[in-house]
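Notes to accompany the following structure.
The residues of the chain are indexed from 1 along the displayed sequence.
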Amino acid sequence: MPYQHIRLDIADGVGTVTLPRPEKMNALTYDSYRELETLTRELPRMGDVRVVVLRGEGKAFCAGGDVNEIIGDLVARDMKDHLDFARMTGAVVAGLREAPQPVIARIHGLAAGAGAVIALATDLRVLAASAKFAFLFTKVGLSGGDMGAGWLLPRVVGLGRASELLLLGDTIDAAECLRIGLANRIVADDKIDAEVGALARRLADGPAYAQAMTKKMVQRELDMDFASAIEAEAQSQALLLMGKDHAEFHAAWKAKRPPKWGGR
């Protein structure tokens with residue numbers, strides 16, 4: 001479907017989603033939230049997209065919700081409207097986690113508020129040296145547990161560090177993000193496109209079904225006990241052992257050639 005408030009470009013299996021409001025540091029509006037929610041719902045049916053790259057246009061990744069268009073408007077609304085809005089924003093994060101494709105966040109400049117949580121919800125976060133994160137919800141009088149941050153962040157950086165970031169809302173730089181595990185890697189600002197492009201290409205050329213199952217198991221096992229996780233992995237692996245990609249690996253290994261992954 002056509003999008004008016006986000007941009008989707010698909011090329012060679014890579015779907016690049018751009019937040020296109022550089023003059024507002026890509027602050028999110030009702031419309032852009034709705035389109036992101038729609039896009040994440042559609043991703044499981046987009047067979048031509050094997051990996052997603054999420055980026056912001058201009059000097060920032062995303063400064064969060066637009067203060068005038070969202071925050072100013074919500075002040076005058078009732079509880080039902082507030083709840084509907086909060087559920088919609090959470091659905092964006094849930095959609096990123098449930099999408100079968102690996103999602104890479106390409107982060108330069110500021111990722112704040114909702115922008116920080118959306119980046120947190122991706123599978124891999126590549127930061128430019130200029131990148132900064134701020135889970136600043138308490139600084140505007142709101143709970144730091146927003147859009148799933150209270151569930152996701154402790155699982156990424158640990159309970160103590162997550163509590164500090166969500167309670168205080170402080171801004172941390174790229175080096176600190178890497179140190180605590182919020183970033184997968186840091187590169188110079190002028191190298192980030194090449195780094196993200198190479199990573200996206202590697203994933204897009206890889207075994208899509210195996211990658212999708214890996215992402216699903218990582219997500220599902222967060223809430224399982226160890227014995228249940230072992231059994232779930234046994235069942236999922238049995239499915240993949242019967243898959244065409246695994247058979248292709250074996251054929252390629254015997255023929256001493258690279259495998260040709262079909263995503264099956």
Q | For T122, all residues meeting side chain to side chain donor-acceptor pair (under 3.5 Å), sequence neighbours excluded | A | none
Q.
Minimum heavy-atom separation for A112 and L136, please, with both atom names.
A. CB-CD2, 3.9 Å
Q | By side chain to side chain donor-acceptor pair (under 3.5 Å) - contacts of R87 (at least two apart) | A | none
Would you be so kind as to tabulate the donor-acceptor pairs closer than 3.5 Å made by side chains of residues 231-241, with sequence neighbours excluded?
unit_1, atom_1, unit_2, atom_2, d
E231, OE2, Q235, NE2, 2.8
S236, OG, A232, O, 3.3
S236, OG, E233, O, 3.1

Q: Would you check if the side chain of D189 reaches a backbone N or O of S130 as a donor-acceptor pair within less than 3.5 Å?
A: yes
Q. Salt bridge (charged side-chain N to carboxylate O under 4.0 Å, His left out) with K24: which residues, sequence neighbours excluded?
A. none
Q | A134 to A116 - nearest heavy-atom pair and separation | A | O-CB, 3.8 Å
Q. In Å, rounded to the nearest 0.5 Å, how long is the span from CZ of R34 to CG of D31?
A. 5.0 Å
Q: Return yes if some donor-acceptor pair links the side-chain N/O of Q211 with the main-chain N/O of L203 below 3.5 Å, else return no.
A: yes
Q) What residues, two or more places apart in sequence or in another chain, satisfy side chain to side chain donor-acceptor pair (under 3.5 Å) together with Q219? A) R97
Q) Does E164 have any side chain to side chain contact (heavy atoms under 4.5 Å, CB included) partners at least two apart in sequence or in another chain, and if so, which? A) R161, L168
Q: Could you grab the distance from atom CG of L8 to atom CG of L39, nearest 0.5 Å is fine?
A: 6.0 Å
(Q) Pair S32, L19 - check side chain to side chain contact (heavy atoms under 4.5 Å, CB included), show working. (A) CA-CA 8 Å; S32 54; L19 305 177; 5.7 Å; no
May I have the list of side-chain donor-acceptor pairs in residues 52-61 shorter than 3.5 Å, sequence neighbours left out?
unit_1, atom_1, unit_2, atom_2, d
E57, OE1, R7, NH1, 3.1
E57, OE1, R7, NH2, 3.2

Q.
Tell me whether E98 is salt-bridged to R41, with the criterion being a basic N under 4.0 Å from an acidic carboxylate O.
A. no
Q: Mark yes or no for whether E35, through its side chain, and Y3, through its backbone, hold a donor-acceptor pair below 3.5 Å.
A: no
Q | salt bridge (charged side-chain N to carboxylate O under 4.0 Å, His left out) against R125, all qualifying residues, sequence neighbours excluded | A | none
(Q) Donor-acceptor pair, distance only, cut-off 3.5 Å: does the side chain of K215 make one with the backbone of Q101? (A) yes
Side-chain donor-acceptor pairs under 3.5 Å in residues 255-264, sequence neighbours left out?
unit_1, atom_1, unit_2, atom_2, d
R257, NH1, E248, OE2, 2.6
R257, NH2, E248, OE1, 3.3
R257, NH2, E248, OE2, 3.3

Q) V157 and I180: which non-hydrogen atoms are nearest, and at how many Å? A) CG1-O, 3.5 Å
Q | With sequence neighbours excluded, residues passing salt bridge (charged side-chain N to carboxylate O under 4.0 Å, His left out) with K139 | A | D170
Would you tabulate the side-chain donor-acceptor contacts of residues 64-74 under 3.5 Å, counting partners in other chains and residues two or more places apart, or write 'none'?
unit_1, atom_1, unit_2, atom_2, d
D66, OD1, N68, N, 3.0
D66, OD1, E69, N, 2.8
D66, OD2, R21, NH1, 3.1
D66, OD2, R21, NH2, 3.4
E69, OE2, R21, NH2, 3.4
D73, OD2, Y30, OH, 2.6
D73, OD2, R77, NE, 2.7
D73, OD2, R77, NH2, 3.0

**Q.** Partners meeting side chain to side chain donor-acceptor pair (under 3.5 Å) with D225 (sequence neighbours left out)
**A.** S228
(Q) I need the E176 CD to L127 CG distance, nearest 0.5 Å. (A) 12.0 Å
(Q) Checking the side chain of S143 only, and the main-chain atoms of G145 only, is there a donor and an acceptor separated by less than 3.5 Å? (A) yes
Q) For the atom pair CG (L153) and CG (L120), what is the distance rounded to the nearest 0.5 Å? A) 5.5 Å
Q.
Please report the interatomic distance CG(D9) to OG1(T16), rounded to the nearest 0.5 Å.
A. 6.5 Å
**Q.** Closest approach of A119 to F133 (non-hydrogen atoms, all atoms of both residues)
**A.** CB-CZ, 3.8 Å
Q. Hey, what do you get for OG1 (T171) to CG (L165), rounding to the nearest 0.5 Å?
A. 10.0 Å
